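Let me begin by presenting the structure, written as structure tokens, before commenting on it.
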Amino acid sequence: MSDTFFITTAIDYTNGKPHIGHAYEKVLADVLARFQRLAGRPVFFLTGVDQHGQKVQQSAEKQGVNPQEFVDTLTASFVALWDKLDVRYDRWAATTAPSHKDCVRKILQRLHDEGQLYKATRQGYYSVRQEQFLTDKERGEDGQFGPEWGEVVFLEEENYLFRLAEHRDWLLHLLDQNPHLVQPDFRRAELRNAVEKLSGDLTVSRPKARLSWGIEFPFDPDFVTYVWFDALVNYISFAPGYDPAPNADLSEFRRHWPALHLIGKDILIPAHGVYWPIMLKALGFKDSEIPTLLVHGWWNIAGSKMSKSLGNIVDPDVLADRYGPEALRYYLMSDIATGRDADFSEERLVQRFNADLANSLGNLLNRTLNMAQKYRQGVLTAPSQPEHLDLVREALPVEAAAADYRAAFEQHAVHQALEAAFRLVAACNQFIDSQKPWAVAKNPDQAGLLDAILYALADSLRVTAILISPVLPKAARAIFGQLNLDAPFQIEDARRGLLPTGHQLGTPTPVFPRIEPSAPAA
RNA sequence: GGGCCUGUAGCUCAAUGGUUAGAGCAGGGGACUCAUAAUCCCUUGGUUGGGGGUUCGAAUCCCUCCAGGCCUACCA
């Protein structure tokens, strides 16, 4: 069992610019990774891009550049966006990297040697224009292939196949024995149904004459590998210490593996739920080394799927520029339940930012620091009287919030974790209004009470900053700055009473300036 | 055609078969002045998609229909 939290995302296909779905997945992975770092666990976060394949080859030809140039340009736009959104990964998986190609070839060679790959002839109808085999799905009402396919010819083609079907029962058994392997559980049910129907093996090659932009088979230069043994393999080829040789020393690899694969619901079946575990099994992975799949939902636009043809693509780059990267991160994490779909709304992004961040948390920080400066020159005194300690303990549920927060994160329920953090914020605002520190300040006899109130508020803000830090790392750091703290964030410190008497607070500057509704909209 | 998921307040979501279905936001009213025209209090708002059934009791379990989504399949 590994001690590292190894998280991966899907690697994005470099045939178009990143959209909001790409951004959501990477931010979610980043947030889960940051939470684990906060909890003191070693983290390895792998993400990247899938650069091979026919669409890339075609798009590059259309632009008159070579495929590598084409993918380099698009890859740069992904890298720049993750940088802008503060997605902090540990390694970048780009499938044209020599080390990756080398690993893929070794895996293919090994599976070939062990009889898991075989060559077979396939025949069927082939669209010359689309450069793909057609199934009966593509037939129209009249049983004919429509004009969109252009010239359709009957073709016979040799290809390599991977022995998938023989592992079907193993996979069924594995899924039944390890319910946690696919989350949420309704996705597991879906996958199980699909596995039960599994029949036939998997084509893993394309003849080079038809597709040149790919990894060549080491034992047959007439073929390149087709997506599965290229893209999926990134999870191990870029993992620390993996070596596909049958008797390799995998001790370093095993300190990291197995991974938590964060994927979208569109690629669970068949790629990640069927092909990938069976590929690993064929490579000698034990049942306990099969990775967990965390399947997330989609952001719809006004109830319908985001798609190029509908022209409703949401550009995360534009949103980050318009509202700030952290406003976008907060919206993406707070307004969807992990695993479910949600509706994307720019208006709602603004609403949530203003309500939660500007009005509740930002204003709390501001009013707390202002009062501390006005009444105590920003110097804190820890409460000592039992009645004050009791008052604060009863009013501000610091430990409960932290506990709920952790429990939510263990289930990857980021939105619930944020809710827990904001329950503490709400309690602080209520506490201020009920205690009326501005009135207490007028009575010198109540100096101890005022100190206790101000201390509890500053201390709670410290805890809140820690709790929001996985989602809002920059804002959390800014809050720490105004509290005059520079300690690293750690979940262990999410408990009350860690500020020393005499601690000098800083002065307030709005961390979350309200977004005015009149601001330019889409 | 088969399978799976979803449907709860205007919006986003909660409710091991068990008080009168809750919370946040939005809407309405009020209070306060430390604060980013913020905050706090009160409040409007529901045939839990429809219809049957099981039960002392159903948002929850069963059947059926409707709407949306996803997967899958060689009927014509």
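Because the structure is predicted, anything quoted here is derived from the model rather than measured. Residue numbers start from 1 in every chain, and the chains themselves are labelled A, B, ... in the order their sequence lines are given, proteins ahead of strands.
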Whole angstrom is fine here: how far is it from CG in Leu365(A) over to C1' in A38(B)? 13 Å
Using whole Å, what does the distance between atom P of nucleotide A67(B) and atom CG of Asp341(A) come to? 20 Å
Angle between ring planes, Tyr331(A) versus Trp299(A), binned at 30° and 60°: parallel, tilted or perpendicular? tilted
In terms of relative ring orientation, are His261(A) and Trp276(A) parallel, tilted or perpendicular, with 30° and 60° separating the classes? tilted
Any N/O pairs under 3.5 Å between the protein and nucleotides 31-33 of chain B? List them or say none.
none

Report which part of the nucleic acid [X] touches: base, sugar-phosphate, or nothing (heavy-atom distance under 4.0 Å, all strands).
{"X": "Tyr375(A)", "value": "sugar-phosphate"}
{"X": "Asp266(A)", "value": "nothing"}
{"X": "Asn429(A)", "value": "sugar-phosphate"}
{"X": "Pro513(A)", "value": "base"}

Write down the protein N/O and nucleotide N/O pairs, taken from nucleotides 2-7 of chain B, whose separation is under 3.5 Å; answer none if there are no such pairs.
from  : atom 1 : to        : atom 2 : distance (Å)
G3(B) : O2'    : Asn193(A) : ND2    : 2.7

Across all strands, who's sitting opposite [N] as a Watson-Crick or G-U wobble pair, both distances under 3.5 Å?
{"N": "A31(B)", "value": "U39(B)"}
{"N": "G10(B)", "value": "C25(B)"}
{"N": "G17(B)", "value": "none"}

For the side chain of [X], starting at C-beta, report the closest nucleotide among [options].
{"X": "Phe512(A)", "options": "C41(B), A35(B), U36(B)", "result": "U36(B)"}
{"X": "Lys265(A)", "options": "C34(B), C40(B), G69(B)", "result": "G69(B)"}
{"X": "Asn366(A)", "options": "A35(B), C71(B), C13(B)", "result": "A35(B)"}
{"X": "Ala358(A)", "options": "G69(B), U36(B), C34(B)", "result": "U36(B)"}
{"X": "Asn363(A)", "options": "C34(B), A38(B), C71(B)", "result": "A38(B)"}

Output for pair (Asp30(A) CG, Glu25(A) CD), nearest 0.5 Å, gives 12.5 Å
In Å, rounded to the nearest 0.5 Å, how long is the span from CG of Asn300(A) to CD1 of Ile336(A)? 8.5 Å
Taking only N/O atoms, report every protein-nucleotides 21-30 of chain B pair under 3.5 Å with atom names and distance.
none

Within 45° cone and under 6.0 Å: Arg477(A) NZ/CZ vs Phe489(A) ring: yes
Could you point out which residue of Arg406(A), Arg496(A), Arg495(A) forms a salt bridge (Lys or Arg N to Asp or Glu O under 4.0 Å) with Glu399(A)? Arg496(A)
What's the gap between U48(B) and A58(B) when it is taken at their P atoms, as a whole Å value? 12 Å
